[in-house]
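Comments concern the structure below.
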Protein chains: 2
Amino acid sequence: MIPFETTVLKRGPLSPLIVKLGLYGQLSDHDVDTIGDLRYTAIDYQRNQRITTLSVIPPCVYVMVSGLACLSVLASDGRRQITRFLLPGDFCNVFDAEPIGSIEGIDILAPTRMAAVPAGVFHQLGASPTMNDVLMALVTNATAAARKTIGSLGLGNARGRIAFLLYEFAQTMVVRGLIGAPTDPLPLRQDHIADATGLTNVHVNRMIAQLRRDRILSGNGKVLEIADMTGLRSIAGIKW
Amino acid sequence: MIPFETTVLKRGPLSPLIVKLGLYGQLSDHDVDTIGDLRYTAIDYQRNQRITTLSVIPPCVYVMVSGLACLSVLASDGRRQITRFLLPGDFCNVFDAEPIGSIEGIDILAPTRMAAVPAGVFHQLGASPTMNDVLMALVTNATAAARKTIGSLGLGNARGRIAFLLYEFAQTMVVRGLIGAPTDPLPLRQDHIADATGLTNVHVNRMIAQLRRDRILSGNGKVLEIADMTGLRSIAGIKW
DNA sequence: CGTGTCGTTGAGGCCTGTCAACCTACGTGG
DNA sequence: CCACGTAGGTTGACAGGCCTCAACGACACG
């Protein structure tokens with residue numbers, strides 16, 4: 001029997017986008033084909049690049065194809081706060097991840113490829129009622145996810161914040177078909193976790209060591225794996 | 001000369017909604033009239049009520065008409081994190097403020113009136129292309145605002161977090177026409193600020209006293225006023 | 001083998017939380 | 001008119017979680 005992923009992956013590099021959109025509504029075969037066949041310009045970015053303005057001449061919608069990036073806000077003193085991670089299939093300059101005016105930028109956390117799709121094409125696609133509903137649900141969901149993060153930052157101590165971040169990140173990766181199981185290695189460095197939780201890398205290191213001793217996390221050194229999703233969720237300390 | 005507000009206020013109780021929508025696109029006279037004339041059921045809520053499910057039989061869109069409320073997430077131990085404030089004109093159960101499944105609720109912070117508009121009517125309104133764009137911009141903006149809050153919580157210390165919150169709150173109140181100037185008294189108690197910034201009410205009290213000594217805030221006791229918006233913004237510590 | 005990246009560990013200090021008491025303003029009822 | 005209760009704000013003493021600074025280790029790569 002051919003696994004489900006195979007049929008999706010046959011759609012090509014934009015299949016992560018199809019998977020993502022499919023989470024928010026039933027896509028018609030026509031929509032799936034249209035997206036799968038979209039013409040786009042591939043653009044590659046290197047690690048540690050910060051992008052404040054994506055080229056929009058001609059007007060383009062950027063979709064991440066592979067890699068890892070994030071949106072972040074900077075403090076006056078240069079520190080960085082990651083406000084959301086960007087995964088393959090995520091929009092990078094519109095809809096749920098439209099950077100805030102001049103204060104938010106895109107940081108590339110691992111070698112990343114983006115697909116620049118002419119905005120006109122995409123706007124046309126969004127004209128269909130079902131696709132419009134899907135996009136609206138997408139953005140609404142992003143708002144809700146951001147508010148959950150606000151909850152975690154406000155309510156949790158260091159241990160709780162880290163637990164929440166890892167739980168949500170792994171959950172998202174699985175749902176989006178980017179890893180097979182939540183116990184697979186996560187592509188996060190301790191610095192990323194620090195910048196996303198508002199903690200220092202030193203303290204993140206200590207907390208991760210503690211979570212490993214508690215058998216909530218596994219892996220050594222640079223390999224970060226979740227051992228106990230249920231435990232992680234309860235440590236996050238939110239009343240779900 | 002008749003001030004602008006007068007013409008808007010003539011639209012009746014739903015004028016805050018018209019003002020809000022107008023921030024995200026040019027509304028046609030027809031749209032304004034339609035919204036101003038919407039039939040709705042008024043529902044009043046008392047302070048300290050927590051609403052986990054708004055009645056949706058029949059399906060309704062809830063719009064706040066007057067008062068003050070917030071969305072909040074609870075910790076396992078019962079503490080509350082305010083994830084966003086709800087002001088007159090805000091949707092309360094759809095679009096930019098759709099509560100997250102079972103984990104988020106609406107807390108009434110001051111006597112509040114909501115307008116329950118039949119969902120069908122509203123869905124019909126959103127069918128027009130321009131209004132659809134307005135709604136999409138609304139939700140996108142809410143996502144961006146939430147991410148800005150994440151930035152403040154992650155980057156700022158107590159002083160910075162409070163400064164950010166008050167700056168954004170006052171700014172929003174002014175833009176929405178709910179107060180005349182950012183130096184007008186704000187309808188926030190110190191407890192609200194504590195729950196929105198993830199601090200304790202005791203520490204919020206000390207920080208507010210400090211900001212008053214620094215002439216950034218004014219007012220005594222229960223009266224909270226901003227004296228210096230520019231100073232507040234720079235204290236927030238975000239690279240704008 | 002030098003260099004850079006990322007993780008790890010220790011010592012010390014500050015920011016913020018916790019606990020507790022008290023104060024003012026205001027409304028209610030005898 | 002006063003006793004009382006409640007809501008919200010204010011202040012002090014103390015503890016602890018997290019930050020800062022610093023050094024070192026493991027590993028990849030040219």
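Naming convention: chains lettered A, B, ... in sequence-line order (proteins, then strands); numbering from 1 in each chain. Everything numeric in this text was worked out from a predicted model, so none of it was measured.
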Measuring from atom CE of A/Met207 to atom CZ of A/Arg212, what distance do you get when rounded to the nearest 0.5 angstrom? 13.5 Å

On DNA chain D, compare the nucleotides closest to A/Lys222 and A/Asn157; which residue's is nearer the 5' end? A/Asn157

Looking only at side-chain N and O atoms, does B/Gln190 come under 4.0 Å of OP1 or OP2 in D/dT10? yes

Is a side-chain donor-acceptor pair under 3.5 Å present for A/Ser72 with A/Glu104? no

Do we see a donor-acceptor contact under 3.5 Å between the side chains of B/Asn205 and B/Gln190? yes

Inspect the contact between [Y] and [X] and indicate whether a charged nitrogen and a carboxylate oxygen are less than 4.0 angstrom apart.
X	Y	answer
B/Arg159	B/Asp214	yes
B/Asp96	A/Arg147	no
B/Arg215	B/Asp228	no

Dot-bracket encoding per residue of DNA chain D, Watson-Crick/G-U cut-off under 3.5 Å, | denoting interstrand: ||||||||||||||||||||||||||||||

Let me know the distance between [atom1] of [X] and [atom2] of [N], rounded to the nearest Å.
X	N	atom1	atom2	result
A/Asp191	D/dC19	CG	C1'	15 Å
A/Arg79	D/dC18	CZ	C1'	13 Å
B/Asn48	D/dG8	CG	C1'	12 Å
B/Arg159	C/dC14	CZ	P	18 Å
B/His192	D/dA7	NE2	P	13 Å
B/Leu224	D/dT10	CG	C1'	15 Å
B/Ile162	D/dG9	CD1	C1'	14 Å
A/Arg189	C/dG4	CZ	P	16 Å

A/Arg79: what forms a side chain to side chain donor-acceptor pair (under 3.5 Å) with it, not counting sequence neighbours?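 For A/Arg79 the side chain to side chain donor-acceptor pair (under 3.5 Å) partners, ignoring immediate neighbours, are A/Asp77.
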
Nearest non-hydrogen partners of A/Met229 and A/Pro182, listed with the distance: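 Of all heavy-atom pairs spanning A/Met229 and A/Pro182, the closest is CG-CB, 3.7 Å.
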
The correct set of residues in residues 195-206 of chain A placing a heavy atom under 4.0 Å from DNA chain D is A/Gly198, A/Leu199, A/Thr200, A/Val202, A/His203, A/Arg206

Please list, by residue number, the residues of residues 212-221 of chain B whose heavy atoms come closer than 4.0 Å to an atom of DNA chain D; answer none if no residue qualifies.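 Within this stretch, B/Arg212, B/Gly221 sit under 4.0 Å of the strand.
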
Which pairs would a plain distance check flag for residues 41-49 of chain A, meaning a side-chain donor or acceptor within less than 3.5 Å of a matching protein atom at least two apart in sequence or in another chain?
residue, atom, partner, partner atom, Å
A/Asp44, OD1, A/Arg113, NE, 2.8
A/Asp44, OD2, A/Arg113, NH2, 3.0
A/Gln49, OE1, A/Gln46, N, 2.8

Just to be sure I understand the rule, does A/Arg47 reach a base, reach only the sugar-phosphate, or reach nothing, if contact means heavy atoms closer than 4.0 Å?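 Here A/Arg47 touches the backbone only, sparing every base.
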
Can you confirm whether or not the ring centre of A/Phe85 sits under 6.0 Å from the ring centre of A/Phe169? yes

Which residues pass the salt bridge (Lys or Arg N to Asp or Glu O under 4.0 Å) test with A/Arg161, not counting sequence neighbours? none

